[in-house]
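Here the structure is laid out as structure tokens; the discussion comes afterwards.
Values below: all heavy atoms of this structure, side chains included; hydrogens, waters and symmetry mates excluded. The structure presented is a predicted model; accordingly, all values stated were derived computationally and were not measured.
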Amino acid sequence: MSDLPALHPLQPHAALPALAGLKLAAGFTWQTDGGLRLHYRLQGALDGLRLPPPARPEQTDGLWQHTCCEAFITEGAGSAYHEFNLAPSGAWAAYRFTDYRQRDTAWQPAAAPHISCRRDEDSLWLVADLPAPLLPAAPATSSRLGLTAVIESRAGERSYWALQHAAPQADFHLSASFTLPLNRP
């Protein structure tokens, strides 16, 4: 995977522990066309995970119920944000929220992400390209990014990973968890 950014460790939520030995890290790079490339690296006991098989790369609701990488991007300093679900299968979902968990049902994605996934001896890599038309238009210095993932074991247990967990229960939609400055070049 070329152009690898600094990867930030994601932590499993303490209320729902992950399989022993798993590590997850994620990062991003801006593309020259204004798009955003997200990188996720899962390491450890991959054979103990339930990974979705390859599927058509189309918008699919409910991806968060299984192994899925996610990203949350604020629209500047306000309370609106976008959510992206990116499955190792290639399926994806994109949503816009006007406030905490208040989905804008009229919003439709203007483009589709491209997801690639590969596995080597001890890692699963997921790279997702979010084209510029899919991203919120926001001032260059006020947007923030939350990188998260849901990891499902073969037994069907889910663990919830984030840069930071802002509540006693797993909740990726809390803006306090959107911790990375997303300064556009």
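Enclosure of atom NE2 in His8 by more than 12 non-hydrogen atoms of other residues, nucleotides or ligands within 6.0 angstrom is indicated. Heavy atoms of other residues, nucleotides or ligands lying less than 6.0 angstrom from CZ of Arg56 number 12 at most.
With contacts defined as side-chain heavy-atom distances shorter than 4.5 Å, the pair Ser175/Arg144 qualifies. Counting heavy atoms from C-beta outward, His173 and Glu83 have side chains that approach closer than 4.5 Å. Leu49 has its side chain within reach of Leu22: a pair of non-hydrogen atoms, C-beta onward, lies under 4.5 Å apart. Side-chain atoms of Leu36 and Leu38, non-hydrogen and from C-beta on, do get closer than 4.5 Å to each other. At least one side-chain heavy atom of Leu182 sits under 4.5 Å from a side-chain heavy atom of Phe28. The closest side-chain heavy-atom distance from Arg158 to Leu16 is not below 4.5 Å. Within the 4.5 Å cutoff, side-chain heavy atoms of Gln59 are placed close to those of Trp92. Using a 4.5 Å cut-off on side-chain heavy atoms (C-beta onward), Thr148 and Ser177 make no contact.
Here the CG atom belonging to Leu10 is positioned 4.5 Å from the CG atom belonging to Leu163, to the nearest 0.5 angstrom. Considering CG of Leu147 and OG1 of Thr179, their distance stands at 7.5 Å, rounded to 0.5 Å. Once rounded to the nearest 0.5 Å, the distance linking CD of Gln102 with CZ of Phe97 reads 9.0 Å. Here CG of Leu86 is found 10.5 Å from CG of Asp129. Values are rounded to the nearest 0.5 Å. Summarising the geometry, atom CG belonging to Leu51 is positioned 8.0 Å from atom CD1 belonging to Ile151; distances are rounded to the nearest 0.5 Å.
Not one N or O on the side chain of Ser159 forms a donor-acceptor pair closer than 3.5 Å with the backbone of Glu157. The closest donor-acceptor contact from the side chain of His165 to the backbone of Gln11 lies under 3.5 Å. Under the 3.5 Å distance criterion, the side-chain polar atoms of Thr98 are left unmatched by any main-chain donor or acceptor of Asp104. For His13 (side chain) and Ala167 (main-chain N/O), a donor-acceptor pair under 3.5 Å exists by modelled atom type. In this structure, the side chain of Tyr100 does not engage the main chain of Ser79 through any donor-acceptor pair within 3.5 Å. Ser153 places a side-chain N or O within donor-acceptor distance of the main-chain N or O of Ala155, the cut-off being under 3.5 Å. With hydrogens and angles ignored, the 3.5 Å screen pairs no side-chain donor or acceptor of Arg37 with any backbone N or O of Gln31. For the pair Ser123 (side chain) and Gln43 (backbone), a donor-acceptor distance under 3.5 Å is absent. Looking only at distances, a side-chain donor or acceptor of Gln164 sits under 3.5 Å from a matching main-chain atom of Ala176.
Placement of Leu126 and Leu130 within a single hydrophobic cluster is found when ILVMFWY residues are connected by side-chain heavy-atom separations under 4.5 Å, directly or transitively. Linking Ile, Leu, Val, Met, Phe, Trp and Tyr residues whenever their side-chain heavy atoms come within less than 4.5 Å leaves Leu124 and Val150 in two separate clusters. Tyr40 is connected to Leu180 through a chain of hydrophobic side-chain contacts under 4.5 Å among Ile, Leu, Val, Met, Phe, Trp and Tyr, so both are in one cluster. Under the 4.5 Å side-chain heavy-atom criterion for grouping Ile, Leu, Val, Met, Phe, Trp and Tyr, Leu134 is not connected to Tyr81 through any hydrophobic cluster. Under a hydrophobic-cluster definition in which Ile, Leu, Val, Met, Phe, Trp and Tyr are linked whenever side-chain heavy atoms come within less than 4.5 Å, directly or via other members, Leu42 and Phe84 are assigned to the same cluster.
Put simply, the residue from Trp107, Tyr95, Phe72, Phe178 that forms a ring-ring contact (aromatic ring centres under 6.0 Å, His included) with His82 is Trp107.
A pairwise comparison of heavy atoms in Leu63 and Thr60 identifies CG-O, 3.4 Å as the closest pair. Counting all heavy atoms, side chain and backbone alike, Gly35 lies closest to Trp30 at O-CE3, 3.3 Å. In terms of heavy-atom proximity, Ala111 sits nearest to Pro133 at CB-CB, 4.3 Å. Contact detail for Gly90 and Ile115: the closest heavy-atom pair is O-CD1, 3.7 Å. The shortest heavy-atom contact between Ala25 and Leu7 is CB-CB, 3.8 Å. Ser89 approaches Pro53 most closely through the heavy-atom pair CB-O, 2.9 Å.
For the side-chain hydrogen bond (donor to acceptor under 3.5 Å, both in side chains) test, no residue two or more places apart in sequence or in another chain qualifies with Asp122.
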